Each structure stands twice: as C-alpha cells, then as structure tokens.
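The structure under discussion appears below in the form of structure tokens.
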Amino acid sequence: MHLAQATTREEALVLIHWFHAKHRKSSLQLMKEHYRSPKAILEFPNRGRYDLENSCHGLLCFVKCGKEEEAFVSNPLKGEPLMLPRSIIVSRWPHLDRYGLGFDSSTKRYKIVRVFFRDFDQANQGYQLGAEVYTMGTTSSWREISQVPCYPLYKKGVYANGALHWLVNHEFSPDDLKSMVISFDFRQEEFKSIPHQEFSSKVSKWFELVDLRGYLGMVDFSLSTHIEIWKLKDYEKKEWVREYRIDIKPPHGVPINEYIEVVGLMEDGEILLKHYETLVAYNSKINGLRCIQILSGGLQMDTTQVYVYTGSLVSPSQ
C-alpha cells in the first residue's frame, strides 16, 4: 500500500551524493530546501567512487567506478547496504558495463541485470554483448541469460512500468537508428526497443532519460534555445506527450547539456535542475526559475550528483 501511494502522496526527497576526493570516500546526504543534513545517511562500504545506476521502489543500486566491479543495493533511509556477489564473467570494458535494479511482479522478487562487453573486434568495429541476472534473496550467484540488447547501453537507467530503460550508446549505434531507448522486462527477462517521437537529432548524448514520478521521461537537449521534456503517458500504446518546454539561453558557444542537468520531478510539479553546482527549480505554471541551493562542498569534493528520491519501507535483505 505504501509503494502504491508513494509517488502520488509522499514528499519527493533530494539526495546529494558527495565524493570526498582526499579520502577517496563517497557519502549520501538528505536535503530539504535550503538545508542539508549535517551527517551522511549512507556511508559507502569501501573506498572509491560509486555511481548510481538506478532506483526502484526506494532502493538504490550503486556500482563502484574503475576496473574492479563492485555493486550494492541499499535503502538509504534504512541504512542497509546489501553487497552483490561478483560475477565470474569478466567484462572486456568494465567501465561501459550497465547494471539495473527492478521488480519482478510474478515472483515478487527484486532482480539486478548486468549488461557487459564479452568481446570486441577492433579491426571490424564489431562487439559481442552479454547479459546476466541476479535474483535477490534466492541465489548467491549470477545467472547468464541468452537474450542481449541490440546495442550497448548509455548512461543510468530509469525504472517504470515493470521495466528498466536506457538510452542506446551513440558511439556504437548506426546513423539510421529508429529508437534510442532500450528496455528490459524483469518478468520476461527480455530486452526490447521502445518507439518514440521523431527528434531532429539521433545522437543519444543530446538526450537523457528521467523519472517523472513513476513515468518514463525523455529530455531533449539538442535544441539551441530551450529544453523539451517528453513523458511516456500511455506505456501500452507507447504514446508520448511533451510535458515541459524550458526556455534557457546558454552561454555563447556552450551546448545546453554541458552545463545543465534535469534531476527529476518534485511532488508539487516543479522540475529540479542542476546548473553546475546550483540547484534550480522550474515552475511550469509561471514559466519561471528559482534558485534553491548552492552545492559547495569545498576543495576536497569532486563534482556532486543529485537525485530526486521517493522513500519506501522496502529492505534489500528481504
């Protein structure tokens, strides 16, 4: 009942992910408007930098950056990190691997999918992908699956409608790419291509997927004068609608997506944006922007990451 009502009734929380460069430690803080919790609500298990892969039902999936793959799932409000077992399959390019957390409604179990590069032919520019699944609470090892995505995946995923969604990696995709979105159905354990409206550009680096309080959103940064945010309003019919148009004039010669990021949708309908180290809220009713907070972590901090998060009672150990 709590999960069903969370996205419509619960307050959207803002999490700030710091990386402490001097001590090589990551931490997660909870933020209210104009206020940050004095201490971390989640201390990461080991030294090094971690990236968020995605969130699902209040659980966050993090992966350690670098050659040694290390992933864990946590509910930051309950402080229970669950380390995932390491795969016995070695990736050719670990830094391009993608992990994703989701819920299988048929078995009532949470699963993590991992997509990796099995091999790469430099001469012919050919690649071979692999995929495997880990089911939380039932096994202690990964299980390889036969189906793989048609293209390598790009950026972090967004969970919506029982599936996880990624952009296609533009460095490996053809010019005549029909869809830039790949989904993974956790119930059927299948990868599919998600159709969308026509964009002026097909280069995925100009786009970003975003969680719009349970709906899949797609941000178009390819336009020079404004940002458009599209929402997959009807998942079955694959009906997209343009929800937001945010007029922004970037500095001369600077592409929009190099200095601004769409973080997510707040409970009052405002869109949270990150402009360098400043959090800004966009209100579509008045077509205006307002500054929320300056993220200044000091000289010992690397660039921060910010997430819009809906809390839950789910435990990763269940």
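Just so it is clear, the model here is predicted, and its values are computed rather than measured.
Within the 4.5 Å cutoff, no side-chain heavy atoms of Thr107 are placed close to those of Thr138. For the pair Leu60 and Ser74, the minimum side-chain heavy-atom distance is 4.5 Å or more. In this structure the side chain of Leu153 never reaches within 4.5 angstrom of the side chain of Asn169, judged on heavy atoms. Here the side chains of Pro149 and Tyr151 are not in contact, with every heavy-atom distance at 4.5 Å or above. Here the side chains of Asp51 and Gln305 are in contact, with some heavy-atom distance below 4.5 Å. Contact annotation: the side chain of Phe19 never approaches that of Lys25 to less than 4.5 Å [non-hydrogen atoms, C-beta and beyond]. Ser193 has its side chain within reach of Ser179: a pair of non-hydrogen atoms, C-beta onward, lies under 4.5 Å apart. In this structure the side chain of Met266 reaches within 4.5 angstrom of the side chain of Val14, judged on heavy atoms.
What you find for Ser315 and Leu59 is that their closest heavy atoms are C-CD2, 4.4 Å. Contact detail for Tyr215 and Lys233: the closest heavy-atom pair is CE2-O, 3.7 Å. Residues Leu52 and Cys61 share a closest heavy-atom pair of CD1-O, 3.5 Å. Between Arg242 and Glu228, the shortest heavy-atom distance links the atoms NH1-OE2, 2.9 Å. The two atoms that bring Val314 and Asn75 nearest to each other are O-ND2, 2.7 Å, heavy atoms only. For Ile227 against Val219, the heavy-atom pair with the smallest separation is CG2-CG1, 3.5 Å.
Here the side chain of Thr304 pairs no donor or acceptor atom with the backbone of Ile16 at under 3.5 angstrom.
We find that Glu53 and Lys156 are not joined by a salt bridge, their nearest charged nitrogen and carboxylate oxygen being 4.0 Å or further apart. Salt bridge status for Arg143 with Glu189: present, with a side-chain N to carboxylate O gap under 4.0 Å. The residues Glu267 and Arg213 are annotated as not salt-bridged, no charged nitrogen and carboxylate oxygen being separated by less than 4.0 angstrom.
Thr310 contributes atom OG1, which lies 7.0 Å from atom CG of Leu13 (distance to the nearest 0.5 angstrom). The distance from atom OH of Tyr244 to atom CG of Asn283, rounded to the nearest 0.5 Å, is 9.5 Å. A distance of 8.0 Å separates OH in Tyr307 from CG in Leu15, rounded to the nearest 0.5 Å. Atom CG of Asn161 is separated from atom CG of Asp185 by 10.5 Å, given to the nearest 0.5 angstrom.
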(message) Is there a side-chain contact (heavy atoms from CB on, under 4.5 Å) between Val63 and Asp97? Walk through the geometry before answering.
(response) CA-CA 10 Å; Val63 175; Asp97 289 0; over 6 Å; no

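Residues near Val241 contribute nothing to a hydrophobic cluster around it, because no ILVMFWY side-chain heavy atom sits closer than 4.5 Å to its side chain. With a 4.5 Å cut-off between side-chain heavy atoms of Ile, Leu, Val, Met, Phe, Trp and Tyr, the cluster of Ile88 takes in Ile89, Phe116.
Among residues two or more places apart in sequence or in another chain, the side-chain contact (heavy atoms from CB on, under 4.5 Å) test is passed with Ser222 by Ser200, Ser201, Trp206, Phe207, Asp220.
The aromatic rings of Phe44 and Phe62 lie perpendicular to each other, with more than 60° between the two planes, well past the 30° mark. Note on ring orientation: taking the six-membered ring where Trp is involved, the planes of Trp93 and Phe172 are tilted (angle from 30° to 60°). Note: Phe184 and Phe191 have tilted aromatic rings, judged against thresholds of 30 and 60 degrees for the angle between ring planes.
For the residue pair Tyr110 / His57, a side-chain donor-acceptor distance below 3.5 Å is found, with atom types taken as modelled. Judged purely by distance below 3.5 Å, without hydrogens or angles, the side chains of Tyr50 and Glu70 pair a donor atom with an acceptor atom. Inspection of the Arg114 and Ser87 side chains reveals an N or O donor paired with an N or O acceptor under 3.5 Å. Checking Gln29 against Trp18 by side-chain atom types alone, a donor-acceptor pair falls below 3.5 Å. Of the N and O atoms on the side chains of Asn54 and Tyr99, not one donor lies less than 3.5 Å from an acceptor on the other residue. Inspection of the Glu144 and Trp142 side chains reveals no N or O donor paired with an N or O acceptor under 3.5 Å.
A cation-pi arrangement is found for Lys238 relative to Tyr235, the charged atom lying closer than 6.0 Å to the ring centre and inside a 45° cone about the ring normal. With Phe117 as the aromatic partner, Arg92 does not meet the cation-pi criteria of under 6.0 angstrom to the ring centre and within 45 degrees of the ring axis. By the 6.0 Å and 45° rule, Lys111 does not stack over the aromatic ring of Phe186.
For the side chain to side chain contact (heavy atoms under 4.5 Å, CB included) with Val306, the lone residue among His17, Glu261, Lys274, Met31 that qualifies is Lys274.
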